[in-house]
Amino acid sequence: KVERWAGGRRPRRLAAMVQVVVARDLAEAEEIQTILRSAGIPSELESAVEQHPTQLADTPHKVLVPEETLEDAQHAIEAMTDTDELLGGR
C-alpha cells in the first residue's frame, strides 16, 4: 500500500540547521544571508537573545544553515568578509 500525503507528494526530510555564525545585528545577519544565497546555500536567521519583539533589529542574530553545507558556508563567509568582525568568527 502506498501512503499519500497532502499534495500527493512525500514530505522532504528537513535538514538539521546548525549555527554558522552570530552576527552583531539583523543588518549584518542579512548581509551574511545574502553572501550565502549568492553561494547557493540556504539559510535562516534567529535572534540570539530573548528580546521584546519590537527590538529584534538591534540584537545579535544566529545565522543557521543546513548541517551538510556548514563547511561551504564557512568558506563563503570567510571569502567575502573579515571574520574578525563577526562575533561567531573568533
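Predicted model only: the values in this text are computed from it and were never measured.
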Residues forming a side-chain contact (heavy atoms from CB on, under 4.5 Å) with Glu46, sequence neighbours excluded: Lys62, Leu64
Single-linkage hydrophobic cluster Leu70~Ile32, side-chain heavy atoms < 4.5 angstrom: yes
Side chains of Val63 and Gln19: closer than 4.5 Å at any heavy-atom pair? no
What I'd like to find out is whether the side chain of Ile77 reaches to under 4.5 Å of the side chain of Leu36, using heavy atoms alone. yes
Donor-acceptor pair, side chain of Glu28 and main chain of Arg24, under 3.5 angstrom: yes
In this structure, are over 12 heavy atoms from other groups packed under 6.0 Å from Glu67 atom CD? no
Under 4.5 Å between any side-chain heavy atoms of Asp25 and Thr59, yes or no? no
Can you sort out the partners of Thr69 under side-chain contact (heavy atoms from CB on, under 4.5 Å), two or more places apart, ordered by chain and number? Ile41, Val65, Pro66
For Leu45 and Glu30, run side chain to side chain contact (heavy atoms under 4.5 Å, CB included): C-alpha distance rounded to whole Å, both residues' side-chain angles, the deciding distance at 0.1 Å, then the answer. CA-CA 8 Å; Leu45 304 180; Glu30 288 174 340; 3.9 Å; yes
Residue pairs passing the salt bridge (charged side-chain N to carboxylate O under 4.0 Å, His left out) test where at least one lies in residues 35-44, sequence neighbours excluded: none
Taking every non-hydrogen atom, the tightest pair across His61 and Ala29: CB-CB, 3.7 Å
